[in-house]
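One structure below.
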Amino acid sequence: MVVSGEKPTLIRKVVRDGKEVLVRHDGRLVDQMRPIRIEVGVLSNADGSALVEYGGTRVIAAVYGPKEAMPKYMSLPDRAILRCRYHMAPFSTAERKTPALTRREVELSKVLREALEPVVLTELFPRAMIDVFVEVIQSDGGTRTAAITAASLALADAGVPLKDLVAGVAVGKVDGVLVLDLDEIEDNYAEADMPVAMAPSLNQVVLLQMNGVLTLEEFHAALQLARKGILEIYRLQKEALRRKYAEVKVEG
Amino acid sequence: MVSITPWEQPVMPKLKRHTIASLLAKGVRIDGRKLEQFRPVDITPGYIERAEGSALVKIGNTMVVAGVKMDLAEPFPDTPNEGILVVNAEFMPIASPYIEPGPPDENAIELARIIDRSLREMRVIPLDKLVIEPGKIVWRIYVDVYVLNHDGNVTDAAMLAAMAALMAARMPGLVKEGDEYKVDRTRYVGLLPVNHRVVSVTISKIENRLVVDPNYEEETIADVRLFIAVSEDGRIAGLQKMGTGALTLAEIDKAINIAINLSKYLLNVLEEKVGKYRAELEKVFAEKKEIVIGGVPHTTSEVVVEGQPVESSVEGVGTVAVENEGGKSREE
């Protein structure tokens with residue numbers, strides 16, 4: 001992820017269908033996400049799993065549990081505890097990443113867990129433990145938001161009762177323009193990068209970070225843009241779950 | 001290291017929880033404050049004389065000390081024209097019965113990283129001015145934040161302490177011996193350049209009420225906190241949602257408005273306590289050029305004043321503009 005040399009032009013004005021529009025370095029419009037692919041139940045050993053791709057970003061989430069908390073002192077009498085790990089594979093980045101957990105991954109594991117806690121009905125499983133592990137297989141920006149999208153699907157696939165799914169996407173300011181779903185190049189040069197995740201039906205924000213500088217107006221616009229992307233991802237998430245479970249129903 | 005739901009929680013009698021909640025419903029806090037009122041904020045700049053810069057921050061009973069130390073290092077390959085800023089934070093076991101000794105846990109790492117991002121993204125420290133020889137040697141600025149007593153709202157105290165310690169920081173002397181640069185720790189030759197001021201206002205949601213600066217008891221029952229860093233020009237310089245709860249869009253809007261509003265109060269305290277201290281130091285440097293700490297001054301070596309290299313060493317130091325997000329390559 002070494003950035004060197006001149007900053008490339010990331011936003012261009014072009015004429016499309018007789019209209020002047022802003023186009024990003026990969027041809028997307030400012031409010032356009034990369035192609036999203038979602039597959040549920042990709043790991044046979046896990047109780048629940050999901051593979052999520054946002055363009056070149058590819059993550060796999062697995063859920064094990066609810067199961068007995070081990071060691072036992074690590075349990076709560078009135079609800080389950082969540083154990084969460086966000087991890088990037090050494091080969092997922094341009095330059096090899098150390099397989100050991102970095103400070104960034106420690107922080108993101110916490111951020112991810114705290115984004116899932118509001119939607120998991122942990123009070124149904126006192127003294128239990130639910131493991132949520134996310135592996136970033138390939139990284140091209142937006143890995144934490146793809147991770148949360150995948151993690152909530154893996155929980156749903158495991159049959160863990162949820163108040164809602166969680167969908168995440170990043171918004172950012174690139175070349176002074178607000179854009180949706182930044183890829184790695186955009187992220188590297190962004191003036192601001194704001195990952196957001198929501199439980200859309202509850203209309204609640206469960207993950208919010210911002211790295212950069214935004215005015216109040218820009219922030220409001222960015223949050224709305226994120227919400228737009230999140231609603232689209234939410235639709236794809238539900239579609240992916242139906243694809244797996246509705247089909248079984250028809251065959252049976 | 002995995003992130004685990006905190007299972008060891010502070011003991012909090014239900015009665016107290018109810019008292020806090022029922023008071024909040026009336027718009028009053030357990031210690032008599034209003035919902036959007038800080039406890040008394042006090043900053044002591046230069047608290048640790050051995051450090052290049054330091055500050056002790058007290059918000060109510062919460063105590064955080066930050067120290068700035070500097071040394072020389074090779075710059076990161078992707079930012080050859082920038083100095084290095086390293087932020088570290090630790091919750092000391094003396095701070096609370098619920099903090100265990102050991103390496104920084106996820107809370108400490110998160111705290112360090114949100115402070116780091118807020119400072120870095122606003123370019124609080126002009127890292128391009130900390131270059132001695134591009135690609136070869138630069139100043140490395142360490143900011144270590146120590147939580148000494150945890151009575152709630154450590155994030156804002158820590159952010160304030162880091163900012164104050166940087167503002168209070170003095171550049172040590174620099175000497176060249178042959179081809180090697182060395183730090184001359186017997187004297188200070190100027191102030192660390194600080195371009196901007198950033199403070200944070202963390203908003204906690206307790207029983208659906210938004211409050212600022214919770215004490216430990218209030219913080220224990222808060223289910224979500226939103227860290228909001230605000231720059232001196234009222235822009236948002238960093239955000240982080242923390243805790244197991246969630247926020248609605250309306251709550252986020254309200255929280256940010258409160259934060260922007262209250263940031264002025266913290267910036268005032270910062271100016272009053274640390275801005276003046278910095279101005280005094282500046283006067284001393286303007287008059288005497290240096291502050292001698294003691295020990296044997298270097299007489300044989302070439303003394304380089306104000307962190308700038310000797311003329312012959314390199315041209316245009318610190319003037320090469322590179323559009324890089326400093327330090328990103330390490331962690332992002």
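What you are looking at is a predicted structure, and each value in this text was computed from that prediction instead of being measured. Numbered from 1 within each chain, the chains take letters A, B, ... in sequence-line order. Just so it is clear, the values below take in all heavy atoms, side chains as well, and ignore hydrogens, waters and symmetry mates.
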For chain B, the option from Glu105(A), Arg85(A), Gln224(A), Arg83(A) that forms the most heavy-atom pairs under 4.5 Å: Arg83(A)
Are the side chain of Lys241(B) and the backbone N or O of Val206(A) linked by a donor-acceptor pair below 3.5 Å? yes
Give me the atom names and distance for the closest heavy-atom approach of Leu101(A) to Met1(B). CD2-O, 2.9 Å
So which atom in Gly245(B) and which in Pro118(A) form the shortest heavy-atom distance, rounded to 0.1 Å? O-CG, 3.4 Å
If I take atom CD from residue Glu8(B) and atom OH from residue Tyr73(A), how far apart are they, to the nearest 0.5 angstrom? 9.5 Å
Phe133(A) versus chain B, the contacting section by heavy-atom distance below 4.5 Å: side chain
Could I get the full list of salt bridge (Lys or Arg N to Asp or Glu O under 4.0 Å) partners for Glu117(A), not counting sequence neighbours? Arg113(A)
Does some side-chain heavy atom of Gln209(A) sit less than 4.5 Å from a side-chain heavy atom of Arg113(B)? no
Proximity breakdown for Leu226(B) and chain A, heavy-atom pairs closer than 4.5 Å: side chain
When Pro195(A), Ala80(A), Ala115(A), Ser109(A) are compared by non-hydrogen pairs under 4.5 Å with chain B, the top option: Ser109(A)
Relative to chain B, which segment of Leu223(A) carries a heavy atom at a distance below 4.5 Å: side chain, backbone, both, or neither? side chain
Can you check whether Cys84(A)'s main-chain N or O pairs, donor with acceptor, with Ser3(B)'s side chain at less than 3.5 Å? no
Chain B interface, residue from Leu82(A), Asp131(A), Asn203(A), Leu112(A) that has the most non-hydrogen pairs under 4.5 Å: Leu82(A)
Of the backbone (N, CA, C, O) and the side chain (C-beta and beyond), which part of His220(A) lies under 4.5 Å from a heavy atom of chain B, both, or neither? side chain
Heavy-atom count around Lys254(B) NZ within 6.0 Å, excluding the residue itself: above 12? no
Minimum-distance pair of heavy atoms, taken over all atoms of Glu121(B) and Gly212(A): CG-N, 3.3 Å
How close do Val87(B) and Arg103(A) get, heavy atom to heavy atom, and via which atoms? O-NH2, 3.7 Å
Chain B contacts, top residue of Thr143(A), Leu116(A), Leu214(A) (heavy-atom pairs, under 4.5 Å): Leu214(A)
Mind listing the closest non-hydrogen atom pair of Leu76(A) and Trp7(B) along with its distance? CD2-O, 3.5 Å
Top of Glu218(A), Met210(A), Lys97(A) for chain B proximity - count of heavy-atom pairs under 4.5 angstrom: Met210(A)
Distance-only, no hydrogens or angles: does the Glu114(A) side chain make a donor-acceptor pair with backbone N or O of Gly243(B) under 3.5 Å? yes
Given heavy-atom pairs under 4.5 angstrom as the criterion, report whether the side chain, backbone, both or neither of Ser75(A) touches chain B. backbone
Top contributor to chain A contacts, counting heavy-atom pairs under 4.5 Å, from Asp253(B), Ile260(B), Thr248(B), Asn257(B): Asp253(B)
Side chains of Lys110(A) and Ile109(B), heavy atoms from C-beta outward: is any pair under 4.5 Å? no
Near Lys16(B) NZ, under 6.0 Å, is it more than 12 heavy atoms from other residues, nucleotides or ligands? no
Approximate separation, where rounding is to 0.5 Å, of Gln240(B) CD and Leu207(A) CG: 8.0 Å
CA sep, side-chain torsions, deciding dist, call: Asp193(A), Arg117(B), side-chain contact (heavy atoms from CB on, under 4.5 Å): CA-CA 11 Å; Asp193(A) 167 33; Arg117(B) 289 200 287 260; over 6 Å; no
At a 4.5 Å cut-off on heavy atoms, which part of Met194(A) comes close to chain B: side chain, backbone, both, or neither? side chain
Atom group of Val111(A) that falls short of 4.5 Å from chain B, counting heavy atoms: side chain
As an exercise: rank Leu249(B), Ile236(B), Val2(B) by heavy-atom pairs under 4.5 Å with chain A and give me the winner. Ile236(B)
